[in-house]
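Heavy atoms only: backbone and side chains are in, while hydrogens, waters and symmetry mates are out. Residue numbers count from 1 along this sequence.
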Amino acid sequence: RKSAGTLPGHPVESSGLIIHAPQEADPRLAYKVELHANMLEHWTMIVDANDGTVVSQHNHICMAAVQGSGTDVGGAQQPIDLWQHNDGFFYMTDTTQPMYDQTSNPPLLQNSRGVIKITDANNQKPDGANVSFNDVRSNSSTSGFSAEAVSASRNLASVYNYYRERFKRNAIDGQGGSILGVVNVQMNNAFWNGKYIALGNGDTWAHSLDFNAHEMTHGVITSTSNLV
């Protein structure tokens, strides 16, 4: 079983033998374990009594949107909307917009609906065979974020709200779909590729509201008239 922490105010561990009988599986003899591993982990775990496998687990520590801050490409300190996760990190995933689906489960993009998420290409070329993106995150809400990510987060939120308020359009797809921005792509340009907005690091592409708006508008066109 997982080791329990000994922080003040955090009980070490308790367990009891139960019959675990979820609707989708056969009943089994199991231990129900309550433990605090650290300040960000309060677990209820169901452990099979025969082979010790973890049948289910749930962390009771709340996860929520928080406002942090960071320095943008222009050197200005900006407020940024972040997601505080129970792994101890603050992710540049904005869940504060009206399009956010409260039933989703950030910070992973595939588990999130209606977020504005910023990822980092880490200076990879856009035409590479195996381009991958990393989450923009920090263990502090007020430091550790790249200037490009701070600028992109602010600008994409501004463009989203412009379309919502001026044209009553809910996100790029008009249905509240998540908006993904990728910063630090190795190029002196920006583009919309049908799924995300890529912002190059050859100039201040992430910092320009005009560039962000231009690329998001390509996405809106793709979702409406689909002009080439």
Which atoms form the tightest heavy-atom contact between [X] and [Y], and what is the distance?
| X | Y | answer |
| --- | --- | --- |
| N184 | A121 | O-CB, 3.6 Å |
| L82 | S141 | CD1-O, 3.6 Å |
| A149 | M92 | O-SD, 3.2 Å |
| V150 | G70 | CG1-O, 3.8 Å |
| S112 | P106 | OG-CA, 3.2 Å |
| M99 | G114 | CG-O, 3.3 Å |

Just jot down the side chain to side chain donor-acceptor pair (under 3.5 Å) partners of N50, sequence neighbours excluded, or say none.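 Listed in chain order: nothing, the list is empty.
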Holding to side chain to side chain donor-acceptor pair (under 3.5 Å), I want the full list of residues that pass it with S178, two or more places apart in sequence or in another chain. none
Nearest 0.5 Å, what's the [atom1]-[atom2] distance between [X] and [Y]?
| X | Y | atom1 | atom2 | answer |
| --- | --- | --- | --- | --- |
| T119 | L180 | OG1 | CG | 4.5 Å |
| M216 | I116 | CE | CD1 | 6.5 Å |
| L17 | K32 | CG | NZ | 13.0 Å |
| D127 | Q186 | CG | CD | 9.0 Å |
| T96 | D81 | OG1 | CG | 3.5 Å |
| L199 | I118 | CG | CD1 | 8.0 Å |

D135 side chain reached by K117 side chain, heavy atoms, under 4.5 Å: yes
Check the pair T93, H85 against side chain to side chain contact (heavy atoms under 4.5 Å, CB included), reporting the backbone distance first and the verdict last. CA-CA 10 Å; T93 301; H85 200 53; over 6 Å; no
For [X], enumerate each residue passing the side-chain contact (heavy atoms from CB on, under 4.5 Å) test, keeping only those at least two apart in sequence or located in another chain.
| X | answer |
| --- | --- |
| A147 | V73 |
| D51 | D48, T53 |
| S140 | S138, T142, S143 |
| N111 | N105, L108 |

By salt bridge (charged side-chain N to carboxylate O under 4.0 Å, His left out), R113 pairs with (sequence neighbours left out) D101
Take W192 and I172 through the side chain to side chain contact (heavy atoms under 4.5 Å, CB included) test and state the conclusion after the steps. CA-CA 11 Å; W192 162 257; I172 291 175; 3.8 Å; yes
Any ring-ring contact (aromatic ring centres under 6.0 Å, His included) involving residues 130-163? Give me the pairs, sequence neighbours left out, ordered by first then second residue.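 Matches after skipping sequence neighbours: F133-Y196, Y162-F167, Y163-F167.
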Which residue pairs satisfy the ring-ring contact (aromatic ring centres under 6.0 Å, His included) criterion with at least one member in residues 91-119, sequence neighbours excluded?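 Passing the test, one end in residues 91-119: no pairs.
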For residues 157-172, which residue pairs pass the salt bridge (Lys or Arg N to Asp or Glu O under 4.0 Å) check, not counting sequence neighbours? none
Under a 3.5 Å distance rule, please check whether S208 uses its side chain to pair with a backbone N or O of T204 as donor and acceptor. no
Test question: given the 4.5 Å side-chain rule for I, L, V, M, F, W and Y, name all other residues clustered with I46, or answer none.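 Once heavy-atom contacts under 4.5 Å are chained together, I46 belongs with I18, V55.
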Which residue in the set N188, N122, N123 passes side-chain hydrogen bond (donor to acceptor under 3.5 Å, both in side chains) when paired with N201? N123
Strictly by side chain to side chain donor-acceptor pair (under 3.5 Å), give each pair with a member in residues 145-156 just once, sequence neighbours left out. Q78-R154, S151-H207
